[in-house]
Amino acid sequence: MKTIDIIGAGIGGLTLAIALKQKGFAVRVFEQAPELRAVGAGINLACNAMQVYDGLGLRQAIEDAGHICHQMQVTDETLQSLSEIDITPFSKRFAVHNVAIHRAALQKTLRSYLSDDEVFLGKELKHIEHWGNITRLHFTDGTQYGSQCVVGADGIGSTVRRQWLGEGEIRSSDQLCWRGVAEFELPAPYGDQLTEAWGAAGRFGFVQVDAKRVYWFAVMRKSTLPETTDKQFLISVYQDFNHLVTQLLCATPEEGIHEAPLGDLVAPSCWYRDSVCLIGDAAHATTPNLGQGACQAIEDAWVLAHCLEKNDIHEEAFQQFQAIRQHKVKQVVTASWSVGQMAHWQNPLAIRFRNGLMRIMPKRLGERQSESLYTLEELTV
C-alpha cells in the first residue's frame with residue numbers, strides 16, 4: 001500500500017487525507033501544533049465544497065455541525081441591500097446546501113474520520129531532502145520520516161513551498177481583518193443568509209454558524225489605522241453601521257477577537273517538484289473576499305486524490321492536478337482581490353457610484369459568477 005504524507009492538518013490537509021484513505025492509500029498527516037485548536041472563526045462551505053464532502057460521504061455530518069444558508073447579500077452600512085444572490089437554485093441543481101460552520105467544528109468532524117495512527121501532532125517541519133526515490137522529512141523534535149510522496153498543505157507561509165520550490169511571494173492587500181464568534185441568534189431575515197455590509201469606514205460581515213453562535217469579521221484599510229486597536233476601537237469605528245453590528249461586537253469577549261492582515265500569494269509557476277506537491281493556500285492563497293479560500297483547498301484535495309489514484313508516477317499525477325485546477329484558482333484569486341479593493345473605496349462620490357451600480361446590476365451577472373464557482377471540474381481521466 002502506497003503511503004502519502006501530508007504536511008498540515010488544516011481543512012485542505014484533512015480533507016485530502018480522507019479522500020486518499022477512501023481510495024486505498026495509507027496516509028500520515030503531520031501538524032506542527034500540539035493540538036488541533038482553531039481560533040474563533042467561521043468558514044463558508046459553498047456548494048462546490050459541499051459537493052466534495054457529499055462525494056466523500058461527509059455531507060450530513062457537516063450540515064449537522066453547521067448552519068445552512070440560503071442567500072448571500074451585500075449591503076450598505078444600514079443593511080440596505082446592494083446586491084443579493086439566492087443560493088436555493090444552486091442547492092437544487094447540485095443537490096447540496098451552502099453551509100456556514102465554525103472552523104473548530106469542521107476540523108473536529110474531519111478529524112473523526114482519521115485514526116490516531118494517521119494524524120501526528122507537534123510535528124513542525126524543519127527540513128526536506130531528497131535521497132534517490134525517497135523524500136526525507138526532518139522535524140524540529142528530532143524525528144525523521146522517509147516518504148514516497150509528500151503534499152504540502154501548510155498554508156500561505158508554507159515551509160514546504162519555501163524550502164522545496166523557493167517561490168511564492170505574499171502580496172499585501174493593505175487590509176487588516178478582525179474575526180470573532182459571538183453567542184448570538186440573528187433575527188429574521190439574517191438568520192439564514194451571509195451578510196456583508198460595506199461602508200466608508202470599512203466592511204463588516206456576519207453569518208450564523210450554529211443555533212447559538214454567529215461568526216463575524218471586520219475589515220479596514222491597514223494604512224489608515226492606529227498602531228494598536230482593541231474591541232472598543234472596533235465599536236467606535238462601526239457605530240454608524242446598523243445597530244446589529246455593534247450588538248455582535250459587544251457580545252464577543254475581547255480575548256475572542258483575533259486580528260490578522262489580509263493578503264494573497266504570487267503563486268509559484270509550478271506547484272510540484274519530484275515527489276512533492278502543494279495544495280490550497282500553500283499553492284495559491286487568495287484573499288477571503290469571495291469566501292472561497294477553504295473551498296478551493298477542498299476542491300484541490302478532491303482532484304489531487306483522483307489524480308494520484310489514476311497515475312502511478314507522482315509527477316504525472318501532479319502535472320494533471322495543476323492542469324485541472326490552475327485556471328479556476330487563478331480566476332478566484334483575481335476576482336477576490338478586485339472585490340476586496342472595490343469594497344474599500346473611501347471617496348464619497350466613488351462609493352455612491354459603486355452602490356448605485358450594484359443596485360441596478362442584473363442579478364444574472366452575480367448568478368453566473370456563482371455558477372462558475374460552484375461547478376466542479378470534470379475528472380475524465
Side-chain angles (χ1 to χ4, degrees), residues 6-20 41-56 58 62 66 72 87 90 94 96 98-101 103 106-107 110 151-158 160-161 168 170-171 173 177 194 217 262-272 277-308 318 320-340 369-379:
I6 301 165
I7 308 300
I11 305 308
L14 292 174
T15 302
L16 177 61
I18 294 167
L20 290 169
I43 294 178
N44 172 45
L45 296 175
C47 292
N48 51 324
M50 289 305 297
Q51 287 176 75
V52 171
Y53 286 136
D54 189 41
L56 295 174
L58 278 64
I62 290 172
M72 297 185 294
I87 305 172
F90 299 108
F94 297 112
V96 293
N98 187 312
V99 178
I101 187 170
R103 181 179 290 270
L106 178 57
Q107 279 192 306
L110 297 176
V151 179
D154 50 343
I156 190 170
S158 171
V160 177
R161 184 188 69 243
I170 298 173
R171 177 174 61 159
S173 67
C177 181
L194 294 93
F217 62 89
L262 296 184
D264 63 13
L265 189 70
V266 180
S269 55
C270 190
W271 302 349
Y272 62 90
C277 185
L278 305 174
I279 69 166
D281 282 357
H284 48 72
T286 179
T287 51
N289 305 303
L290 296 183
Q292 278 288 316
C295 296
Q296 292 306 304
I298 291 163
E299 281 197 51
D300 278 356
W302 177 252
V303 174
L304 181 56
H306 170 84
C307 294
L308 286 167
F318 297 158
Q320 183 191 15
F321 161 66
Q322 183 171 345
I324 292 172
R325 293 289 297 136
Q326 63 184 353
H327 177 67
K328 183 173 183 179
V329 296
K330 185 176 181 180
Q331 286 186 320
V332 169
V333 170
T334 301
S336 184
W337 181 273
S338 297
V339 169
Q369 182 186 55
S370 296
E371 185 174 14
S372 68
L373 289 175
Y374 297 162
T375 301
L376 301 182
E377 294 97 341
E378 290 288 335
L379 302 180

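Residues: numbered from 1 along the sequence shown.
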Taking ring-ring contact (aromatic ring centres under 6.0 Å, His included) as the test, write out the residues that go with Y374, two or more places apart. F90
First locate atom [atom1] of [X], then atom [atom2] of [Y], and finally report the distance between them rounded to the nearest 0.5 Å.
X    : Y    : atom1 : atom2 : result
L304 : C277 : CG    : SG    : 5.5 Å
N98  : I87  : CG    : CD1   : 4.0 Å
K330 : T286 : NZ    : OG1   : 13.5 Å
I324 : H306 : CD1   : NE2   : 6.0 Å
L373 : C295 : CG    : SG    : 8.5 Å
I298 : L106 : CD1   : CG    : 6.5 Å

What are the two closest non-hydrogen atoms of [X] and [Y], and how far apart are they?
X    : Y    : result
Q322 : S269 : NE2-O, 3.0 Å
A267 : A283 : CB-O, 3.3 Å
N289 : G340 : ND2-CA, 3.4 Å
F217 : C177 : CB-SG, 4.1 Å
T375 : K328 : O-NZ, 3.0 Å
R161 : G155 : NH1-O, 3.8 Å

Candidate list I101, V99, L194, test side-chain contact (heavy atoms from CB on, under 4.5 Å), partner N44, passing option: L194
Any donor-acceptor pair under 3.5 Å linking the side chain of [X] with the backbone of [Y]?
X    : Y    : value
R103 : A41  : no
S336 : T287 : yes
E299 : V52  : no
D154 : V160 : yes

Below 3.5 Å, can you tabulate the donor-acceptor pairs from side chains in residues 7-16 to any protein atom, sequence neighbours excluded?
from	atom 1	to	atom 2	distance (Å)
T15	OG1	I11	O	2.7
T15	OG1	Y53	OH	2.7

Please step through side-chain contact (heavy atoms from CB on, under 4.5 Å) for the pair Q51 and W302, ending with a clear verdict. CA-CA 10 Å; Q51 287 176 75; W302 177 252; over 6 Å; no
Under 4.5 Å between any side-chain heavy atoms of [X] and [Y], yes or no?
X    : Y    : result
F321 : D300 : yes
L265 : V333 : no
Q331 : S372 : no

Taking the six-membered ring of W271 as reference, does the NZ or CZ atom of R325 fall below 6.0 Å from its centre and within a 45° cone about the axis? no
List the steps and the verdict of side-chain contact (heavy atoms from CB on, under 4.5 Å) for N48 and Q296. CA-CA 8 Å; N48 51 324; Q296 292 306 304; 3.5 Å; yes
From CA spacing to verdict: side-chain contact (heavy atoms from CB on, under 4.5 Å), F94, L376: CA-CA 10 Å; F94 297 112; L376 301 182; over 6 Å; no
Worked check of side-chain contact (heavy atoms from CB on, under 4.5 Å) between V151 and L278: CA-CA 6 Å; V151 179; L278 305 174; over 6 Å; no
